[in-house]
Amino acid sequence: MNGEEILVPIFICVVLPVLIVWLVTRVRKNETDKRAEIIIKAIESGQQVNPDLLSPQNSPKSLKEKLLSRLTAACITFLIGIAILVPGIIISQKVNWNFAASPFPMFVLISGILIAIGVALFIIYMTGKKMLSKEIEAEENNLSKTDKTK
């Protein structure tokens, strides 16, 4: 490998994840700074400050929303795994590549990992739904009571 061929894997494996983490951290810091600035102005003007404003998340996800986000992630990863595997199989059959020398094993590996993650997330969703059914029901009842009082 010469220098030009190694730049792309280095960018994808090193620079891109670091950039993503930096951007997420920067967005969270900006949100926190804006919230702190609003609270400081409210305190300076002598108004009462709601303690809930100090928490990083104003609307935490309910158990049902967390489970549904896991189900969504399971479906997405499973379908992406299938979407990578099927064209890889079709291309390898039409081109008659040598299995060891072709990129097909990489397709199989990546799609196998994604399919396994999708299945694992689906299992987590099913067991979580079964284990947390009483808590979800109580949470929904609590939310419906607060909606009626408003």
TODO: Tell me whether Ile43 is reachable from Ile40 by hopping between hydrophobic residues (I, L, V, M, F, W, Y) whose side-chain heavy atoms are closer than 4.5 Å.
DONE: no

Under a side-chain separation threshold of 4.5 Å, the hydrophobic residues clustered together with Leu23 are Leu19, Trp22

One should read off an interatomic distance between Thr25 OG1 and Asn30 CG, to the nearest 0.5 angstrom, of 11.0 Å

Output a table of donor-acceptor pairs, distance under 3.5 Å, between side-chain atoms of residues 70-85 and any protein atom two or more places apart or on a different chain; print 'none' if there are none.
unit_1, atom_1, unit_2, atom_2, d
Thr72, OG1, Leu68, O, 2.9
Thr77, OG1, Ala73, O, 2.9
Thr77, OG1, Ala74, O, 3.2
Thr77, OG1, Gly118, N, 3.3

Across all chains, not counting sequence neighbours, the side-chain contact (heavy atoms from CB on, under 4.5 Å) partners of Gln48 are none

Contacts of type salt bridge (Lys or Arg N to Asp or Glu O under 4.0 Å), residue [X], not counting sequence neighbours:
X	value
Lys64	Glu140
Lys29	Asp33
Lys134	none

